Amino acid sequence: MVTGSLVRRVATTPWNARLRELASQSLFSESLTLYRSMLRSGSSPDAFSYPFTLKSCAALSLPVSGQQLHCHVIRYGCVAEPFVLTALISMYCKCGLVEDARKVFDENTQSHHLSVCYNALISGYTANAKAADAACLFRTMKERGVSVDSVTMLGLVPVCTVPDYVWFGMNLHGQCVRGGMDSELAVVNSFVTMYMRCGSVESGRRLFDQVPVKGLITWNAVISGCAQNGLAYDVLELYEEMKSSGVRPDPVTLVSVLSCCAHLGAQKVGQEVEKVVEANGFASNVFVSNALISMYARCGDLAKARGVFDVMPVRSLVSWTAMIGCYGMHGMAETGIKLFDDMVKCGIRPDGTVFVMVLSTCSHSGLTGKGLELFDAMKREYKLEPGPEHYACVVDLLGRAGRIDEAMVFIESMPIEPDGAVWGALLGACKIHKNVDMAEVAFAKVIEFEPMNIGYYVLMSNIYTDSKNQEGIWRIRVMMRERGFKKEPGYSYVEHKGRVHLFLAGDRSHEQTEEVYRMLDELETSVMEMAGNTECDRCGEVSSSTREHSERLAVAFAILNTSPGTEILVIKNLRVCEDCHVFIKMVSKIVDRRFVVRDASRFHYFEDGLCSCKDYW
DNA sequence: TTAGGGTTAG
């Protein structure tokens, strides 16, 4: 069999040597230019010219140039060469033309005996999310007795994250163990990633733990896997372990770590990561810069986020999206919309995500008209088809503004079927505007789509609580019991001296638990004493039922460990409950601290008994 | 032919 190494050995004509050099340095367009010069000079290309030029077309995603090269391959009689066939298949797959790749494979029967050709086509199917085709070709390969090697696995394993193929992936893992292929680190890495992406975090971690000598990519697979599964706290621990084991992080590691710092509000850790970024010259990496923007913005330092954004030599659509989202979270809708306009002026075409961002920014800031205008522009000007998430934003936009009937009419006129998010937005609006009848309609619909989403049951129950409908509260409670829901795990985080402290509702596992609860008791007493003259905007009372909520524990911990005048950032990944909102407001009057609370979608500033976000409740 | 990466409303 002719392999890539042979290509490297025999590509000795000056033209081919130069083509190889350019492609190996990732100078792909230069390599194609050189190929054209070669033709113009009258030199005939041979089989050894094509792997490099085809690779360049694949890298630049130039299907037309690739097809031209395919014609040349035939004209110059190079099609029978196995490494040319493989390069052709790979090129078509990387340009998204999987059917053409299959044609090359089918029409050149010699490829039916070459594992490299199968490998190229299988990984092409995988990259184009064609799980059934990949699995089918793998079966054919085995039936024909073609040898399966570790590269076959590397091409096939990533497709097993599709729900129907999880068992297939586990089966492949078994085959690799039996065939001894699991001794190859790359293969194990691909399985770690597979388990993590399927949400089988335990299996992924178990496999990771069994690897005796872990490489950079092994660490990255488990770190990004934890990050994708929302285990931000574990990511920071793993990052420390990785450094102690002597493996140095690369941009991929740092992107995941920064993303977790953003979620946890761990600004000190994030700043340390930024030093590593600078020391290693990773700042020019657009993924790293995007993660830095998001980290600073979500930690409440908008100026630093903007600083990173401003000095970026090249900004991607994600950079703009992250920065616009930051302004939305901080209630600075006008600045966010202006940035959106600037982005368009820079010639960047918006996508669906950036529209979700601007629409939600408008609805949080009460810019209803502007939001509706943008939704219209999305369809008409930018020719983007709105998805259910955009319709949900519009329902939220109208609903928050109190235009609930209009929101209902809007839902009924939708050209696509409304999903849970759309009805959920209506339900949220009914909560704000105390519309129990409409809430019941929205709730019935929302649980059709998302019967296991506990948040909606809690929301409906709170609506009944507001309207003092005891029968309704019981009904929801029975439904929740029938569906086997447990108490909602409310997490809050506070960073202190570079360490993130996590609190769960009713948690007693923290090392300072005794002191934290003692502080909480003191605060409760003071707040209760104040309650007579500082009432909740909504109900005029302070409930004691929520006294062990995670945000209160986090606040008590922070007061205990910080000195007066300090600004405290508390992170809550769900919406801060109404009682805790009132509690923190009152606490900010008692103690000399400024609280910045970030919940699921925005920042709330509490100082001297006042909160910045009155419109929210 | 080949393992790991960022933004997202309710």
Side-chain angles (χ1 to χ4, degrees), chain A residues 3-4 51 82-83 85-87 89-90 93 114-124 149-158 184-194 196-197 215-225 227-228 250-256 258-259 262 285-295 297-298 316-326 328 351-361 363-364 387-397 399-400 419-429 431 446 450 453 455-456 459 575 600-601:
Chain A
T3 63
F83 53 83
L85 273 176
T86 314
I89 293 169
S90 175
C93 289
L114 298 165
S115 67
V116 273
C117 290
Y118 284 88
N119 292 352
L121 192 51
I122 286 174
S123 76
D149 56 19
S150 56
V151 181
T152 321
M153 290 299 162
L154 295 177
L156 192 55
V157 174
E184 272 193 54
L185 192 55
V187 174
V188 182
N189 294 343
S190 76
F191 281 115
V192 171
T193 307
M194 179 196 82
M196 289 307 218
R197 289 217 181 130
L216 170 65
I217 294 181
T218 323
W219 283 101
N220 285 351
V222 78
I223 286 178
S224 59
Q228 285 153 11
D250 77 344
V252 177
T253 329
L254 301 180
V255 162
S256 290
L258 282 170
S259 146
N285 180 309
V286 71
F287 289 91
V288 171
S289 295
N290 291 348
L292 273 172
I293 292 173
S294 175
M295 185 273 293
R298 294 181 72 102
S316 70
L317 175 57
V318 174
S319 327
W320 292 90
T321 308
M323 201 61 234
I324 291 167
C326 302
D351 69 349
T353 307
V354 78
F355 268 104
V356 168
M357 218 63 103
V358 281
L359 291 176
S360 65
T361 296
S363 85
H364 285 309
E389 65 276 30
H390 301 102
Y391 287 99
C393 286
V394 174
V395 171
D396 190 49
L397 208 53
R400 272 183 206 268
D419 68 354
V422 173
W423 292 111
L426 186 67
L427 186 62
K431 165 85 168 79
V446 83
E450 295 180 42
N453 189 332
Y456 294 127
L459 194 52
R575 208 166 96 163
S601 57

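So you know, we letter chains A, B, ... as the sequences are listed, proteins then strands, and number each from 1. Given the structure is predicted, the values throughout are model-derived calculations rather than measurements. Excluded from the calculations below are hydrogen atoms, water molecules and symmetry mates; all remaining heavy atoms, backbone and side chain alike, are included.
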N/O-N/O pairs, protein side and nucleotides 7-9 of chain B side, under 3.5 Å:
unit_1 : atom_1 : unit_2 : atom_2 : d
B:dT8  : OP1    : A:R298 : NH1    : 2.7

Whole-Å distance separating the CZ atom of A:F191 from the P atom of B:dA3: 13 Å
Report the distance from atom CH2 of A:W219 to atom P of B:dG5, rounded to the nearest whole Å. 17 Å
Donor-acceptor pairs under 3.5 Å, side chain of residues 351-359 of chain A to any protein atom, not counting sequence neighbours: which ones?
unit_1 : atom_1 : unit_2 : atom_2 : d
A:D351 : OD1    : A:T353 : N      : 3.3
A:D351 : OD1    : A:V354 : N      : 3.0

Heavy-atom pair of closest approach, residues A:T361 and A:G328: OG1-CA, 3.4 Å
Assess whether one donor atom and one acceptor atom, taken from the side chain of A:T218 and the base of B:dG4, lie less than 3.5 Å apart. no
Those residues that, when tested against A:N285, pass side-chain contact (heavy atoms from CB on, under 4.5 Å) (two or more places apart): A:P251, A:F287, A:V288
Over all strands shown, is A:S316 touching base, sugar-phosphate only, or nothing at heavy-atom distances under 4.0 angstrom? base
Between A:S256 and A:S259, a side-chain donor and acceptor under 3.5 Å: no
Tell me what A:Q228 touches on the nucleic acid: a base, only sugar-phosphate, or nothing, going by heavy atoms under 4.0 Å. sugar-phosphate
Holding to side-chain contact (heavy atoms from CB on, under 4.5 Å), I want the full list of residues that pass it with A:D149, two or more places apart in sequence or in another chain. A:S115, A:N119, A:V151, A:T152
Measure the distance from CG on A:N119 to P on B:dT1 and round it to the nearest whole Å. 10 Å
Do the side chain of A:D250 and the base of B:dG4 come within less than 3.5 angstrom through a donor-acceptor pair of N or O atoms? yes
Taking the side chain of A:I217 as heavy atoms from C-beta outward, which of B:dT1, B:dG10, B:dG4 is closest to it? B:dG4
A:L156 atom CG is separated from B:dT2 atom C1', nearest whole Å, by 13 Å
Could you tell me which residues satisfy side-chain contact (heavy atoms from CB on, under 4.5 Å) with A:A429, sequence neighbours excluded, listed by chain and number? A:I404
Any donor-acceptor pair under 3.5 Å between the side chain of A:N220 and the base of B:dG5? no
In whole Å, I'd like the distance from the CZ atom of A:F287 to the P atom of B:dG5. 10 Å
Rounded to whole angstrom units, what separation is found between the CZ atom of A:F83 and the C1' atom of B:dT1? 14 Å
Taken to the nearest whole Å, NZ/A:K431 to P/B:dG10 is 14 Å
Whole angstrom value for the distance that separates P of B:dT2 from CE of A:M194: 19 Å
Test of understanding: with ring-ring contact (aromatic ring centres under 6.0 Å, His included), list the residues that count as partners of A:F191, not counting sequence neighbours. A:H173
Contact class for A:A425 (heavy atom, under 4.0 Å): base, sugar-phosphate, or nothing? sugar-phosphate
Between A:S123 and B:dT1, is there a side-chain N or O to OP1/OP2 distance below 4.0 Å? no
Could you check whether A:Y118 gets within reach of a base, just the sugar-phosphate, or nothing at all, counting any heavy atom under 4.0 Å? nothing
